[in-house]
Amino acid sequence: MGTVAVSAEEFAAVPPEVVFDRFGGGTGAGWLFDAACDRIAVGAVVTLRVPLGGAGPVDVLGRISALRRPTSLTVSHDQPWRGRIRLRFTPAPGGTRIRLHAEIDERGLEWLMRRQGLPVRPGAAAGPRIGLLTSKSGPGSLFAAATENVATLALEEINGDGGVAGNPVELLVADDATDPATGAVEALRLVRSGCSTIFTMTTSATYDAVSAALGDSGALVVQSHMNEGGGENRLRIRLGERPARQLAAAATPLMRAAGGRRWFLAGNDYVWPREVNAAARAVLPAVGAELVGERYAPLGTEDFAPIVETIAASGADVVLNSFVGADSAAFERQCHAMGLRDRALSLGPALDEVTLERVGAPAAMGIHGVSGYFQQLDTEGNGTLLQRYRATFGPWAPPLSTLTESVFEAIHMWAAAARRARTTDPGPVADAMRVGRYEFPRGTVTLDGTDLVQQQLYLAEARGTRFAALCPADVAG
């Protein structure tokens with residue numbers, strides 16, 4: 001399978017320099033390919049909707065990697081596949097012709113074929129296979145943007161050290177489209193393709209659907225990133241931070257910074273945000289907080305104005321934001337636009353570095369995160385990981401976060417467990433994974449058989465589009 005070139009064209013009834021300068025701005029020429037970006041500059045983040053004929057439009061997340069005003073602009077992207085899109089602006093009678101040119105590689109073609117329900121069968125396996133189920137499309141594609149990249153790095157290290165039992169390990173990747181039903185179907189496909197262990201970096205709603213769908217398959221399912229816990233058994237492992245410990249670590253210093261103790265709880269309407277807010281109702285009053293409201297919105301919501309207005313009317317000092325991905329970015333941008341940031345801080349337990357970039361620097365002031373890993377973490381292991389990451393995937397690859405880095409860790413845990421167990425059979429590997437002490441880019445991680453990861457948590461404040469001022473929190477979790 002080779003590479004396919006795709007072209008599309010639009011027209012604007014204004015000169016090229018006007019189209020170029022307004023591109024992605026939401027006014028004038030902001031409608032071009034549904035582009036969205038805050039500034040036209042190298043390194044700026046961009047979202048494009050690329051028309052692909054019978055496959056329908058595809059949302060592409062990337063960065064501007066080259067530009068020449070007012071004639072051309074290049075976007076390098078990692079989602080839903082790695083590639084580049086070139087836009088050319090040429091004068092035409094009455095305005096400007098905008099041509100889009102994209103090249104789709106083998107992985108992109110496979111993704112498009114599966115999206116249309118066409119079968120794509122992997123070749124014969126040379127060794128053990130593991131599956132990665134992530135969100136390459138839909139609202140969750142923001143927080144999952146770097147997942148496949150770090151999984152690839154982990155497999156390169158593992159196979160460079162001899163693989164498992166002397167055999168190279170192969171990674172198969174699937175997209176849940178931020179939809180639980182799609183995730184369940186894709187997980188079954190991974191199992192049929194020979195994956196005895198599947199790592200999920202998706203919403204908890206997808207994890208629950210996958211866990212149920214694979215109930216009697218004998219496959220090991222590992223949720224690598226932060227989650228609410230529950231439903232663990234021998235073949236179901238849930239790693240990552242838990243909301244009660246995150247809130248216990250962040251609540252007191254955040255109320256001190258806000259100069260108030262009134263909290264409003266807002267999030268998407270599915271299991272993880274509801275469990276985060278249940279933890280908040282248990283943890284926050286015990287440290288002197290007052291809860292003044294709670295609201296939910298479906299995944300994929302774009303207009304959060306009613307919720308923001310309710311928060312403003314409540315007099316909240318801190319907003320607990322348990323929206324995810326694109327929803328979280330849209331919510332925070334609207335909080336800023338409606339003046340809420342002037343009176344309330346925000347804590348996003350799952351608001352990662354990629355989402356923060358989409359929030360944008362003007363709207364990021366006052367946003368805080370709490371987790372076991374941030375890209376700015378100063379450890380030797382993190383420095384090595386970031387160096388390899390940039391050397392492999394280039395300067396425009398999405399930043400790492402606790403959500404994506406956790407996949408790197410989980411795959412290494414699996415390999416270490418398989419080597420100790422001298423097998424890749426799910427049961428013995430799962431038993432070995434649950435006990436161990438590891439040195440990872442985030443520092444020391446310990447598992448003692450209780451399905452709770454012991455690690456240092458950090459409270460961080462947004463500075464522009466990066467989390468900075470990392471402060472070790474008092475509660476490990």
Output the distance between atom CD (Gln246) and atom CG (Leu457), rounded to the nearest 0.5 Å. 6.5 Å

Step through the shown structure and confirm whether more than 12 heavy atoms of other residues, nucleotides or ligands are within 6.0 Å of CZ on Arg114. yes

Counting only heavy atoms not in Glu156, do more than 12 sit closer than 6.0 Å to its CD atom? yes

Side-chain heavy atoms of Leu447 within contact of Leu239, under 4.5 Å: yes

Closest approach of Asp327 to Gly300 (non-hydrogen atoms, all atoms of both residues): OD2-N, 2.9 Å

Would you say His225 and Thr402 make side-chain contact, with heavy atoms under 4.5 Å? no

Positive for side-chain contact (heavy atoms from CB on, under 4.5 Å) with Phe331, one of Val308, Asn268, Leu351: Val308

Using 0.5 Å steps for rounding, measure from the CD atom of Gln375 to the OG1 atom of Thr404. 8.5 Å

Flag side-chain contact, heavy atom, 4.5 Å: Gln334 against Asp303: yes

Check whether any side-chain N or O of Arg84 sits under 3.5 Å from a backbone N or O of His101 as a donor-acceptor pair, and report yes or no. no

Hey, is CZ on Arg68 packed in by over 12 heavy atoms from elsewhere, all under 6.0 Å? no

Rounded distance (nearest 0.5 Å) linking atom OG1 of Thr182 with atom CG of Leu133: 10.0 Å

Distance-minimising heavy-atom pair for Ala430 and Leu235: CB-CD2, 4.4 Å

Residues Glu103, Arg86: salt bridge by 4.0 Å N-O rule: no

Correct closest heavy-atom pair for Ala8 and Pro51 would be CB-CG, 3.6 Å

Above 12 or not: heavy atoms from other molecules or residues under 6.0 Å from CG of Asn233? yes

Any heavy-atom pair between the side chains of Tyr373 and Leu400 that's under 4.5 Å? yes

Ser401 side chain to Leu403 main-chain N or O, any donor-acceptor pair under 3.5 Å? yes

Min side-chain heavy-atom separation Arg189-Glu186 under 4.5 Å: yes

Salt-bridge test for Arg442 and Glu241: reply yes if a basic N is under 4.0 Å from a carboxylate O, no otherwise. yes

Atom pair CG (Leu214) and CZ (Arg236), whose distance is rounded to the nearest 0.5 Å: 6.0 Å

Identify the heavy atoms of Leu172 and Cys195 that sit nearest to each other, and give their distance. CD1-SG, 3.7 Å

Candidate pair Glu232 and Arg242, rule salt bridge (Lys or Arg N to Asp or Glu O under 4.0 Å), full reasoning: CA-CA 14 Å; Glu232 295 88 352; Arg242 299 292 166 87; 3.5 Å; yes

Please work out whether the ring planes of Phe440 and His412 are parallel, tilted or perpendicular, with thresholds of 30° and 60°. tilted

Against Val359, only a single residue in Met365, Glu332, His336 fulfils side-chain contact (heavy atoms from CB on, under 4.5 Å); can you say which? Glu332

Asn321 and Ser346: side-chain donor and acceptor closer than 3.5 Å? no

So do Asp38 and Arg333 actually touch side chain to side chain, heavy atoms under 4.5 Å? yes

Mind telling me whether Tyr389 and Phe393 have parallel, tilted or perpendicular rings, with 30° and 60° as the class edges? tilted

Within the side chain of Thr134, is there an N or O that forms a donor-acceptor pair under 3.5 Å with the backbone of Thr200? no

Looking at the rings of Phe323 and Phe304, which for Trp means the six-membered one, are their centres under 6.0 Å apart? yes

Residue pair Asp176 / Ser135, side-chain donor-acceptor N/O under 3.5 Å: yes

Between Gly131 and Leu190, the two heavy atoms sitting closest are CA-CD1, 4.1 Å

Does a side chain donor of either Arg358 or Thr47 reach within less than 3.5 Å of an acceptor in the other side chain? yes

Please tell me if the side chains of Leu142 and Val324 come closer than 4.5 Å, counting only heavy atoms from C-beta onward. no

Under the side-chain contact (heavy atoms from CB on, under 4.5 Å) test, which residues partner Arg274, sequence neighbours left out? Asp269, Tyr296

If you compare all heavy atoms of Glu157 against all heavy atoms of Phe408, which two are closest, and at what distance to 0.1 Å? OE1-CZ, 3.5 Å

Take Ser204 and Asn227, measure what side chain to side chain donor-acceptor pair (under 3.5 Å) needs, and give me the verdict at the end. CA-CA 7 Å; Ser204 288; Asn227 62 83; over 6 Å; no

Quick check for you: to the nearest 0.5 Å, what is the distance between Phe23 atom CZ and Ile98 atom CD1? 9.0 Å

Look only at the side chain of Ser211 and the backbone of Tyr207, and say whether a donor-acceptor pair between them is shorter than 3.5 Å. no

Is it the case that Asp352 and Thr355 place a side-chain donor and acceptor less than 3.5 Å from each other? yes

Tell me yes or no: between the side chains of Gln455 and Thr444, is some donor less than 3.5 Å from an acceptor? no

Just so I know, are the side chains of Trp81 and Glu106 near enough to count as touching, which here means a heavy-atom distance under 4.5 Å? no

